[in-house]
Amino acid sequence: MTKFLAPKGVSEYFPPRSELFEIVRDRLISPAKRAGYSLIELPVFEDTALFERGVGESTDVVSKEMYTFEDRGGRSITLRPEGTAGAMRSVIENNLDKGQLPVKIFYSGPFFRAERPQAGRYRQFYQVGIEAIGYGDPEIDAEVIWIADSGFKSLSLSKYELQITSLGDEASRASHRVELINFLKKLPLDEESSRRAKVNPLRLFDDKRPEVIEAMQDAPLLINYLNKDSTDHFEKVKKILSQLGISFTINPKMVRGLDYYTGTTFEFIHPMLGSQSGIGGGGRYDGLMSQLGGSDLSGIGFGIGVDRVLMACEAENSIADLVKAMDLFVVPIDEIAKEFSTKLVKDLRELGFACDLAYGNRGLKGGMKAADKSGATFALVVGDDEIKSNSGNLKNMSTGENISSTLTPSALATFLANFVRDL
Ligand code: HAM
C-alpha cells in the first residue's frame, strides 16, 4: 500500500505538541481581545490580483512564493501568503470602515508561501495577526507593538528583541528615493537587482548576498530623510514605548518583505532561532486601503509566526508547565463499573472538569498504567465495592496519596475544584 506523506515543507501539529501550539496561539491572541480587537475570519484564498496590488510585485512573496492556480471558472486564485491584503479587502467590501474608527480586528490561521523549507520556514505556516484601521496617531502604533510584546511576555519569553524604524510618509520616502537611486546607479547591479531597484529601491537593503550587503554599507538611510511630521510621529512612538516599559533598538536598515509599509515598522527577533529568527513583524501601511479601492484611511498591524514563537518557547523552555493535565482519570474494573464510570465522567465533564477513563478491558493494572500515561492529577478505581459503598479513593498521581471521597459528581467536583486551575 502507498504510504501517504504530508506535502513538503508544511508544519503540522499533533498531540502532545499540538497542546503547546494551542497555548501559544491563544496567548498571542489574548492581549488583542483585551484591547478591543474582534475576530475576522477570512478566506484562505483570494483573487491573485489582490496580493499583486496589495503586497507589491517587487517582493519575493509575490514574485516567487505565491501558490497560484486557476480555478474551475478560469479565475486566477492565490492561497493567502499574508493576512493584511485580505483583511483590507474585507473591511472595504463589508463597509467596516464606515462605522466607528479605528476598526480593530484580529485573525489567526494558515498562510502559504512556496519558500525553500528549513527549520522555522514552512510552506504552510501559522500566524496570529491584528490590524487597526482608520487612526493615524502614534498611540495606536504603540498599542499594536504592546499587544505583540504582551503576548510574548505571557509565554514567559525573555530573550527576544524588538527592532523598530520609520519608513516615513510619502514625501520623506520620495526625497530619500532620489538619493538612493543616485547611489544605486554607481553600483554594478545584476539584472534581477536592477529590476527590483526600479520597483522598490529599498529592497536592495534586504539582499542577503555578501557583495550586495558590502556595497550597501554607505547607502543613504531613509531614517535620515524623515520630514518633520514623520520625525515627530516616530519620536512620539518611541516615547510612548518607553513609557509602556517596552525596550527596543532602532534598525534603520530594516526592510520588511512586503511593499505596503509606511511610517513605523517593527520586527521581533529571537536570537535562539538561527537564520529564521523573525518571530513577528508589522508596521503602518497608510496608502494600502486607497490603493485597494477603499477610502484613504491609515492602518497598522502585525503578523506573528506561531510556529516560530512555539520554537522560541521550546528553546527557552518557557511553557512546558502550562499544559493543563486531565483532572481525573477513572479506572473501571468490570462491566458494571464501566457503566457507572461513563455516567460519572459525563457528569464531571459537564461540570467543567477534564476527565477521561480507561477504555477496554484493561483490569486494574492496565487501567492504572493508562491513568499514569494520561498525566491526570487524580486517578479513581471503580469496582463493586466502590459502587456499593458510593465511596472511593482518589489517588494523587504525583504524591501517591489516597484521599477518600463520596462518588457523587457534586462531592467529587468540590474536591477537584481545590486542585484545578482555570476552571
Ligand atoms: P511577515 O513579516 O511577512 O508579515 O510575516 C509575519 C511573521 O510570519 C514573520 O515574522 C514570521 O514569524 C512568520 N512567517 C513568515 N513566513 C514564514 C514561513 N515561511 N514559515 C514560518 N513562519 C513564517 C506579514 O505577513 C504582514 N501581513 C504582517 C502585518 C500585518 N503587517 C501589518 N499588518
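Position 1 is the first residue of the sequence, and the numbers go up from there. Counting convention: from 1, in listed order, for ligands and their atoms alike.
Within the 4.0 Å heavy-atom criterion, the part of I279 lying near ligand 1 is the backbone and not the side chain.
Residue-ligand proximity, F125 to ligand 1, at heavy-atom distances under 4.0 Å covers atoms 14 (N), 15 (C), 16 (N), 17 (C), 18 (C), 19 (N), 20 (N), 21 (C), 22 (N), 23 (C). For ligand 1, the atoms lying closer than 4.0 Å to a non-hydrogen atom of L258 are 3 (O), 4 (O), 24 (C), 25 (O), 26 (C), 27 (N). For ligand 1 and R256, the ligand atoms under 4.0 Å from any heavy atom of the residue are 1 (P), 2 (O), 4 (O). Each of the atoms 6 (C), 7 (C), 28 (C), 29 (C), 30 (C) of ligand 1 lies under 4.0 Å from some heavy atom of G303. Taking every heavy atom of Y122 and a limit of under 4.0 angstrom, the matching atoms of ligand 1 come to 18 (C), 19 (N), 20 (N), 21 (C). Near G278, meaning under 4.0 Å from one of its heavy atoms, ligand 1 places the atoms 9 (C), 10 (O), 11 (C), 12 (O). Atom numbering of ligand 1 starts at 1 in the shown order; those under 4.0 Å from a heavy atom of R121 are 19 (N), 20 (N). For ligand 1, the atoms sitting less than 4.0 Å from at least one non-hydrogen atom of G282 are 31 (N), numbered in the order shown with element in parentheses.
Ion pair D141/R284 flagged as a salt bridge, since at least one NZ, NE, NH1 or NH2 atom sits closer than 4.0 Å to an Asp/Glu carboxylate oxygen. Between E82 and R113 there is no salt bridge, since no side-chain nitrogen of the basic residue lies less than 4.0 Å from a carboxylate oxygen of the acidic one. Salt bridge annotation for K324-D327: present, with a cationic side-chain nitrogen under 4.0 angstrom from a carboxylate oxygen. Comment: D347 engages K343 in a salt bridge, judged by a side-chain N to carboxylate O separation of less than 4.0 angstrom. With respect to the salt-bridge test (charged N to carboxylate O, under 4.0 angstrom), the residues D259 and R203 qualify. Ion pair K346/E350 flagged as a salt bridge, since at least one NZ, NE, NH1 or NH2 atom sits closer than 4.0 Å to an Asp/Glu carboxylate oxygen. A salt bridge links D232 with K228: the distance from a Lys NZ or Arg NE/NH1/NH2 to an Asp or Glu carboxylate oxygen falls below 4.0 Å. Comment: E46 does not engage R80 in a salt bridge, judged by the lack of any side-chain N to carboxylate O separation of less than 4.0 angstrom. Between K238 and E235 a salt bridge is recorded (basic side-chain N to carboxylate O distance below 4.0 Å). Here E214 does not pair with R209 in a salt bridge; the nearest charged N to carboxylate O distance is not below 4.0 Å.
With E115, R113, R308, Q118 as candidates, the residue nearest to atom 19 (N) of ligand 1 on a non-hydrogen basis is E115. Atom 5 (O) of ligand 1 has its nearest heavy-atom neighbour, among E82, Q127, R80, E65, in Q127.
Remark: ligand 1 and I300 share no N or O pair separated by less than 3.5 Å (distance only, no angle test). Checking only distances, Y261 does come within under 3.5 Å of ligand 1, N or O to N or O. Polar contact with ligand 1: present for G280 (N/O pair, distance under 3.5 Å). Distances between N or O atoms of D307 and those of ligand 1 include no value under 3.5 Å. Of the N or O atoms in E131, one or more lie within a sub-3.5 Å distance of an N or O in ligand 1. In terms of N/O distances under 3.5 Å, ligand 1 is not approached by Y285.
Checked against a 6.0 Å centroid threshold, the rings of F378 and F415 count as neighbours.
Heavy-atom separations between R123 and ligand 1 are all 4.0 Å or longer. Using 4.0 Å as the threshold, G120 has a heavy atom nearer than that to some atom of ligand 1. The shortest separation from a heavy atom of Y260 to ligand 1 is under 4.0 Å, placing the residue in contact.
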Self-check item: S247 and L162: CA distance, side-chain angles, deciding distance, side-chain contact (heavy atoms from CB on, under 4.5 Å) verdict
Solution: CA-CA 7 Å; S247 40; L162 165 62; over 6 Å; no
